[in-house]
**Q** 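Take a look at this one; I'll ask things after.
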Amino acid sequence: MDRYNAKDIEAKWQSAWATADCFRAEETPGREKYYVLEMFPYPSGRIHMGHVRNYTIGDVIARYKRARGFNVLHPMGWDAFGLPAENAAMERKVHPAKWTYANIAAMRDQLQSMGLSLDWSREFATCDPDYYAQQQRLFLEFMAHDLVYRKETWVNWDPVDHTVLANEQVIDGKGWRSGAPVERRNLPGWFFKITEYAEELLDELQRMERWPEKVRLMQANWIGRSEGARVFFPLEGDAAAEAHGPLEVFTTRPDTLFGASFCAVSPHHPLTAALAEKDPELRAFVAECDRLGTSEEAIETAEKRGYRTPLTARHPLIPDQTLPVCVANFVLMDYGTGSIFGCPAHDQRDLDFARKYDLSVTPVVLPPDADPATFAIDAEAYVGEGRIYNSDFLNGLSVTDAKRSVIERLEDLSAGRGTVQFRLRDWGVSRQRYWGCPIPVIHCPTCGPVPVPDAQLPVTLPEDVDFDTPGNPLAHHPTWKKVDCPRCGGPAERDTDTMDTFVDSSWYFARFCSPQAERPLDSAATRYWLPVDQYIGGIEHAVLHLLYARFFTRALQRFGDVETVEPFAGLFTQGMITHATYRAEDGAWIEPNDVMQAEDGRLTTSEGRAVTQGRIEKMSKSKRNTVDPATIIETYGPDTARWFMLSDSPPEREMEWTDAGIEGAWRFVNRLWRLVEAALESLPPRGAPMPPVIEGPALDLRRQVHKTVDAITSDIEAFHFNKAVARLYELTNALSGYDAKDAAGTWVLREALELLVRLSGPMMPHLSEELWQRLGHSELLANTAWPDAEQTLLIEESVTLAVQVNGKKRATIELPRDADQQAAEAAALADPAVQRALQGQALRKVIVVPNRIVNLVI
RNA sequence: GGCCCCUUGGCGGAACUGGUAGACGCACGGGACUUAAAAUCCCGGGUCUUCGGACGUGCGGGUUCGAGUCCCGCAGGGGCCACCA
């Protein structure tokens, strides 16, 4: 008997599927569709284990749904713009396009070696001019629908690389590449109006039942709805400022208004700018605030600092009280109104600030058991519940009632109003980079920003660019940006920024419906295929990508391109792949490949250096604890890799990669092979009629097989792949111990093996396909329907019940299914172990749960 | 600092709405086959035990005939957000 030859067999079936073109998806009206999508990869050059897990899960679902008769769309593409390509250009003198497309070719080969049921005819990369041309059309649609606007804002600026950095690219206040301290700069850029949909994006989360609770919660927190009030404080002390109108602040604690002791505005507030014009000291203060980084560490260690302006603010509810107005470094311009009132007694930041600048601290919320005469605030603000006091008409109210009451009063006096504030900000998409989708706008000195006319699209990236000069290669290009204004014909310049790569991934799933369409989307195709029925990817995209895509889909609906507002009806977030880490004595990380175990169990490198094993951590290049999937697939074949990925750990949890684990999977692949091979000769021909009588071990096996069909079907539906794997092991174990005694016995054996192979199909497609052929089938397993369990075989004739005495298990009894209470009680009482436990005492109560348990209470 | 989640053998994990805790795999131990090894096959296992049983799902309490599952408190681990007023 042959050993399973992974390489030949797997290549054979991959080409058979390709020849049969099994996985090409076509719109078939009237046939129920199912769109399975895994988050498309960044073409770094090689796939990693996270990809293997992601695409294995997706492929199980896609193959299963196909077998269930759905018209499945399962496409693949490349999230191909981004900074690494520019870094490669700088470091290796290779053009980003060349580097990216070479990586795509290499990764496509690797993905194809996994045997995924993908429709490769729909493949595209976001850096294809065909794709980004359509994205530019969409950008112009956003402009036409007033969903994108231009403004100046504060960004992280790397003074060495001359570029804006995303927050994630600022590490400890320094640029991740240059290491230079990041500055804050005010730069113009384009913003998508995602905040226009804040309420809708938040509300709809409640109805997205097929999304993980965790992701919905993270998005809800990110959108951050707060109820509160806007309050107007009339300003005094400077004619210009008074003309500016009252100071508008946002608060979630209007109930503490009587405890206000100051007002503070952001260093970037217009009022600050107005005052700074004639106040050099204030200008210096603002400049200093800007030098402080926006990194986590900088914020944590930053001291609360303020600058006292000559202004005072009149309290809206206490006519004879005025409050000092400060510029404070902790007030953010882009949340609320960019200004606050400070109530030090009930807000820790305000308290820190008040103590430093010696401002008054008046408690207005009395904790439940506190004495109003003695309650005082020391170093900690009181933020809990309580009764309002020191607060005129609010005295005696609860916090909640006081909020309502004070808002009513403010509204009566036109001194404020109740409002809802979101944490979500508009999405800034301009990036000062080359390898991205050019923003299709021309800046004209007379006409302002002018959209590039449709006929002139796409605005393509120039190829002759210089990466040796720091900064944006598009801005440096000698001719690219110089154009005539499409409106007045005068000399003008292109926008030299490109779009955030998250824009590229915000609509690719819709483009897959009609990847060659002349317009961004073909509404007939999107109507048929969208929403994505099952989206699968990493939890790291819980907020940004998934929120942007939800926003985009709403915009696309407004443009008439799609019917749905939610892009992903079902979302599954897979866990990370972990691996043990190893370090040499000098602390250097050692790759698992280089670790050997000596006879005495000690670990060394191949050169004999001592190695210690560290914690099990997420696979990462920095810890060098990665395992290359290409090596694994080369050694064991894709089915073994896929099988191991699905075994043991539930897919949403972390999965530890171990050599023993992959070896175990390899053993099972071979065991399944041998099981079928060994049985082939004794089997009746394919399609032989079912024998009239099946009994004894054959019937038992048949019951188990059909129960397995039933169980695996629901396991796959529920993403419980580890349980499906366990059931296949159990069935295999049963088959190993099965001895076919007669014709009925071998008939059942054939049925069992065929079902075993069909159930394995989505998980180990190559092996299953080969065994299916060896069992005599000429039709591809990939084109074979999912089996149905024989319902009558799922019902047991006899059941085992546990018998408890006072809740402790004392025995088990066998009873016919659905035996009545008296029979169950009698059988329980007849058991010797039960009698021993009862010790002749009278029963006080008997609980019988049919087919489950008998509990005797004495 | 805020919000959320998790905790079951040596390990990963099973256990549908409260009803036989530990399926299945990994690792381990024993045996068979072999000159031998590998591969393969079979068997074993929560802990303790006076062999009757006792104790066991992070810890302490509660509800219930019955709790891994529900409730309260605590501890440990993890995640996300974070000068968000």
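For clarity, every value in this text was computed on a predicted model and none was experimentally measured. Order of the sequence lines sets the chain letters (A, B, ...), proteins ahead of strands, with each chain counted from 1.
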**Q** Nearest to the side chain of Leu217(A), heavy atoms from C-beta on, is which of U20(B), A85(B), C3(B)?
**A** C3(B)
**Q** Picking from U20(B), C81(B), A23(B), which would you name as closest to the side chain of Arg423(A)?
**A** C81(B)
**Q** How close or far is atom P of C80(B) from atom CD of Glu213(A), stated in whole angstroms?
**A** 17 Å
**Q** Closer than 4.0 Å, any side-chain N/O of Lys723(A) to the OP1 or OP2 of A15(B)?
**A** yes
**Q** So what does Thr812(A) touch, heavy atoms closer than 4.0 Å: a base, only the sugar-phosphate, or nothing?
**A** base
**Q** Give the C-alpha distance, both sets of side-chain angles, the deciding distance and a yes or no for side chain to side chain contact (heavy atoms under 4.5 Å, CB included) between Thr56(A) and Arg53(A).
**A** CA-CA 5 Å; Thr56(A) 299; Arg53(A) 192 177 205 190; 5.8 Å; no
**Q** So what's A15(B) paired with, Watson-Crick or G-U wobble, going by both distances under 3.5 Å?
**A** none
**Q** Could you tell me how far A21(B) sits from U57(B) if I compare only their C1' atoms? Round to whole Å.
**A** 8 Å
**Q** Give Glu730(A) one of three labels, base, sugar-phosphate or nothing, depending on what nucleic acid heavy atoms sit under 4.0 Å from its own.
**A** sugar-phosphate
**Q** Please say whether the positively charged group of Lys304(A), taken as NZ for Lys or CZ for Arg, lies over the ring of Phe353(A), i.e. under 6.0 angstrom from the six-membered ring centre and within 45 degrees of the axis.
**A** no
**Q** Taking atom P in both G66(B) and G18(B), what distance in whole Å separates the two?
**A** 16 Å
**Q** Using a 4.0 Å cut-off on protein heavy atoms (strictly under), produce a 5'-to-3' string for nucleotides 38-45 of chain B with B for base contact, S for backbone-only sugar-phosphate contact, and - for none.
**A** --SS----
**Q** What I want to check is whether the side chains of Arg844(A) and Asn806(A) have a donor and an acceptor closer together than 3.5 Å.
**A** no
**Q** Without decimals, in angstroms, what is the distance between Tyr729(A) OH and A23(B) C1'?
**A** 14 Å
**Q** Rounding to the closest angstrom, what is the interatomic distance between U64(B) and U69(B) at atom P?
**A** 16 Å
**Q** Where the side chain of Asn855(A) is defined as all heavy atoms beyond and including C-beta, which of G12(B), G19(B), C3(B) is the nearest nucleotide?
**A** G19(B)
**Q** If the cut-off is 4.0 Å, is Asn221(A) near the phosphate of C4(B), judged by side-chain N/O to OP1 or OP2?
**A** no
**Q** Side chain of Phe250(A): nearest nucleotide among C81(B), C4(B), A85(B)?
**A** A85(B)
**Q** Report the base-pairing partner of G44(B) (Watson-Crick or G-U wobble, both distances below 3.5 angstrom), or none.
**A** C28(B)
**Q** Looking only at side-chain atoms of Leu332(A), point me to the closest of G53(B), G19(B), A85(B).
**A** A85(B)
**Q** Should we count CG of Asp700(A) as having more than 12 external heavy atoms under 6.0 Å?
**A** yes
**Q** Mind telling me whether G52(B) is syn or anti, cutoff 90° either side of 0?
**A** syn
**Q** When you get a sec, tell me which of G53(B), C83(B), C4(B) is the closest nucleotide to the side chain of Phe330(A)?
**A** C83(B)
**Q** So for atom CD, which belongs to Glu814(A), do other residues, nucleotides or ligands contribute more than 12 heavy atoms lying within a distance under 6.0 Å?
**A** yes
**Q** Answer with base, sugar-phosphate or nothing: what part of the nucleic acid does Val849(A) contact at a heavy-atom distance below 4.0 Å?
**A** base
**Q** Partner of G76(B) by Watson-Crick or G-U wobble geometry, both contacts under 3.5 Å, or none?
**A** C6(B)
**Q** When you measure from the side chain of Arg653(A), which nucleotide among C26(B), C65(B), A14(B) comes out closest?
**A** A14(B)
**Q** What contact category does Ser226(A) fall into here, base, sugar-phosphate, or nothing, at under 4.0 angstrom with non-hydrogen atoms?
**A** sugar-phosphate
**Q** I want to verify a distance call: between A85(B), G13(B), A23(B), whose nearest atom is closest to the Pro650(A) side chain?
**A** G13(B)
**Q** Quick test of your reading of the model: are Asp715(A) and Arg727(A) salt-bridged, counting only N-O distances below 4.0 Å?
**A** yes
**Q** Closest approach to the side chain of Ala726(A), judged atom by atom: which nucleotide of C26(B), C24(B), A82(B) is it?
**A** C24(B)
**Q** Can you find a side chain N or O atom of Lys214(A) that sits less than 4.0 Å from OP1 or OP2 on C6(B)?
**A** no
**Q** Is Lys618(A) salt-bridged to Glu654(A), going by a charged N under 4.0 Å from an acidic O?
**A** no
**Q** Can you tell me the distance, in whole Å, between the CZ atom of Phe721(A) and the C1' atom of G25(B)?
**A** 18 Å
**Q** In terms of base orientation, is G18(B) syn or anti, with the syn window spanning 90° either side of 0?
**A** anti
**Q** So Val803(A), base contact, sugar-phosphate only, or nothing? Heavy-atom distance under 4.0 Å.
**A** nothing
**Q** Does any nucleotide pair with G1(B) by Watson-Crick or G-U wobble geometry, both distances under 3.5 Å, and what is it?
**A** C81(B)
**Q** Quick one: is U20(B) close enough that its OP1 or OP2 comes under 4.0 Å of any side-chain N or O from Lys809(A)?
**A** no
**Q** Please tell me if Ser647(A) has a side-chain N or O lying less than 4.0 Å from either OP1 or OP2 of G12(B).
**A** no
**Q** Searching all strands shown, indicate the nucleotide that pairs with C70(B) (Watson-Crick or G-U wobble; both distances under 3.5 Å).
**A** G62(B)
**Q** If you find the nucleotide of RNA chain B closest to Ile847(A) and the one closest to Ala833(A), which residue's nucleotide is nearer the 5' end?
**A** Ala833(A)
**Q** For Arg727(A), answer base if it contacts any base atom (sugar-phosphate contacts may also be present), sugar-phosphate if it contacts only those atoms, and nothing otherwise; contact means non-hydrogen atoms under 4.0 Å.
**A** nothing
**Q** Would you tabulate the pairs of protein nitrogen or oxygen atoms and nucleotide nitrogen or oxygen atoms of nucleotides 68-71 of chain B closer than 3.5 angstrom?
**A**
none

**Q** On RNA chain B, check which nucleotide each of Lys845(A) and Glu656(A) is closest to and give me the residue with the more 5' one.
**A** Glu656(A)
**Q** Mind checking if Arg810(A) touches a base, just sugar-phosphate, or nothing, with heavy atoms under 4.0 Å?
**A** sugar-phosphate
